[in-house]
S.K.: 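First, the structure itself, so that you have it in front of you.
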Amino acid sequence: MVIFISKTTGIDLGSALLSTSILAGYIATAFVFIRITIIGINYIKINYSKEEGEDREKKITKSETKGF
């Protein structure tokens with residue numbers, strides 16, 4: 001009877017550790033997605049909220065200056 005109790009306790013402990021690590025992985029993945037979303041929103045705000053009229057037209061790219 002003692003052997004059966006110790007085996008189930010070991011299985012329960014392993015299952016609990018596995019469940020905890022899987023839960024931690026899901027939480028970490030959620031944080032990564034939130035961080036990527038925030039970085040994307042900030043990128044869009046910085047690049048597209050500038051004055052689009054004057055700055056965009058006066059900018060000469062390298063491809064426009066080179067050529068035949």
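In what follows, every heavy atom counts, from backbone to side chain, and hydrogens, waters and symmetry copies are set aside.
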S.K.: Mark yes or no for whether Ser21, through its side chain, and Leu18, through its backbone, hold a donor-acceptor pair below 3.5 Å.
M.R.: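 Yes, because the side chain of Ser21 sits within donor-acceptor range (under 3.5 Å) of the backbone of Leu18.
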S.K.: Below 3.5 Å, can you tabulate the donor-acceptor pairs from side chains in residues 26-37 to any protein atom, sequence neighbours excluded?
M.R.:
| from | atom 1 | to | atom 2 | distance (Å) |
| --- | --- | --- | --- | --- |
| Thr29 | OG1 | Gly25 | O | 2.8 |
| Thr37 | OG1 | Phe33 | O | 2.7 |

S.K.: Can you tell me how far the CD1 atom of Ile38 sits from the CG atom of Asn42, to the nearest 0.5 Å?
M.R.: 7.5 Å
S.K.: If you group Ile, Leu, Val, Met, Phe, Trp and Tyr whenever their side-chain heavy atoms sit less than 4.5 Å apart, what else falls in with Ile39?
M.R.: none
